[in-house]
Amino acid sequence: ERIPVICIDGPTASGKGTLAAEVASTLGYHLLDSGALYRLVGLAAEREGLSTTEADLRDPAHAERMGELAARLDVRFTPGKTWLEGEDVTEALRAEAAGMAASRVSAVPQVRAALLDLQLNFRHLPGLVADGRDMGTVIFPGAPLKVYLTASAEQRALRRHKQLISKGIPAILADLLADLQARDARDMNRTHAPLKPAEDAVLLDNSHLDIEQSVARVLDWWHGKQ
Ligand code: C5P
């Protein structure tokens with residue numbers, strides 16, 4: 001419990017991943033991208049032919065199977081890369097479809113329970129920066145610094161659009177905005193570990209901040225805690 005944790009939670013495409021990675025590298029801390037774990041479950045399910053539709057996941061037997069799949073996830077992280085059953089899935093994980101599947105499987109309580117220990121095991125000295133939806137509310141409730149990162153849906157869709165286009169991936173802004181709003185709604189309204197700020201979280205709206213300014217803000221808060 002003495003190992004410090006900085007939690008960065010917030011909606012999809014708010015820039016949590018970039019912010020968390022920058023803060024971790026500045027402080028020399030470990031990094032947990034918890035969304036990647038849910039994306040991995042979605043991907044593994046797809047590969048095993050296990051459906052991730054909301055309708056199928058409502059069936060308790062199917063939810064149970066998804067939880068079992070999450071519990072035996074064969075995953076390995078190396079710097080900048082993620083491996084599923086020995087295969088490099090770094091790129092596949094970033095696809096929009098992987099994010100949508102992650103959002104559906106992550107509403108299953110058996111899946112969340114299966115990933116708990118895996119997440120707690122990222123906590124090593126000298127410290128951890130963890131990003132996700134429930135880092136501050138469920139996984140590390142005692143963390144000394146919890147940041148809730150937001151930006152308007154339009155800003156987030158624009159950023160995602162820019163990112164995809166720059167990678168040469170065709171994308172339609174209106175579709176991205178609609179997907180993102182659907183994902184926000186599902187993440188915020190689910191029964192288990194819904195996306196919301198922890199009571200003791202500090203809010204950071206980065207709609208009009210660049211990454212350096214956001215990093216500086218978090219580091220200031222962190223140094224204020226020491
Ligand atoms: O952050 P990222 O977009 O990679 O997360 C993918 C999905 O995984 C989210 O939409 C959310 O439904 C789920 N997730 C979660 N809890 C976390 C991290 C991600 O439910 N801690």
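Remember, it's 1-based here, ligands and their atoms both numbered in the order they're listed.
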To check your reading of the model: name the closest protein heavy atom to [atom], its residue, and the distance in Å.
atom	answer
atom 3 (O) of ligand 1	Arg39 NH2, 2.9 Å
atom 6 (C) of ligand 1	Arg183 NH1, 3.6 Å
atom 18 (C) of ligand 1	Ser34 OG, 3.4 Å
atom 1 (O) of ligand 1	Arg133 NH1, 2.9 Å
atom 12 (O) of ligand 1	Asp187 OD1, 2.6 Å
atom 8 (O) of ligand 1	Tyr38 CB, 3.6 Å
atom 19 (C) of ligand 1	Gly35 CA, 3.5 Å

*In this structure, are over 12 heavy atoms from other groups packed under 6.0 Å from Ile172 atom CD1?*
no
Per-atom contacts of ligand 1 with [X], taking only distances under 4.0 Å to non-hydrogen atoms:
X	result
Lys16	1 (O)
Ser106	11 (C), 12 (O), 13 (C), 20 (O)
Ala102	6 (C), 7 (C), 8 (O)

May I ask you to identify, for [X], whether its side chain, its backbone, both or neither come under 4.0 Å of ligand 1 on a heavy-atom basis?
X	result
Met188	neither
Ser103	both
Arg186	neither

*Will you find, in the side chains of Asp56 and Thr53, an N or O donor that is under 3.5 Å from an N or O acceptor?*
yes
_Set out, in order, the CA-CA distance, both residues' side-chain angles and the distance that settles salt bridge (Lys or Arg N to Asp or Glu O under 4.0 Å) for Lys146 and Asp9, then state yes or no._
CA-CA 8 Å; Lys146 301 174 184 174; Asp9 288 304; over 6 Å; no
*Would you mind checking if Arg123 and Asp117 are paired as a salt bridge, meaning a charged N to carboxylate O distance below 4.0 Å?*
no
*Go through the steps for Phe122 and Phe77 under the test ring-ring contact (aromatic ring centres under 6.0 Å, His included), then give the verdict.*
CA-CA 11 Å; Phe122 275 78; Phe77 297 96; 5.7 Å; yes
*Tell me, which pairs form a side-chain hydrogen bond (donor to acceptor under 3.5 Å, both in side chains) where one or both residues lie in residues 12-27, sequence neighbours left out?*
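Checked against side-chain hydrogen bond (donor to acceptor under 3.5 Å, both in side chains) - neighbours excluded - the pairs reaching residues 12-27 are Thr12-Arg183.
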*Got a sec, which pairs hit side-chain hydrogen bond (donor to acceptor under 3.5 Å, both in side chains) with one end in residues 38-50, sequence neighbours left out?*
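Listed once each, the pairs are Tyr38-Arg112, Arg47-Glu87, Glu48-Arg72.
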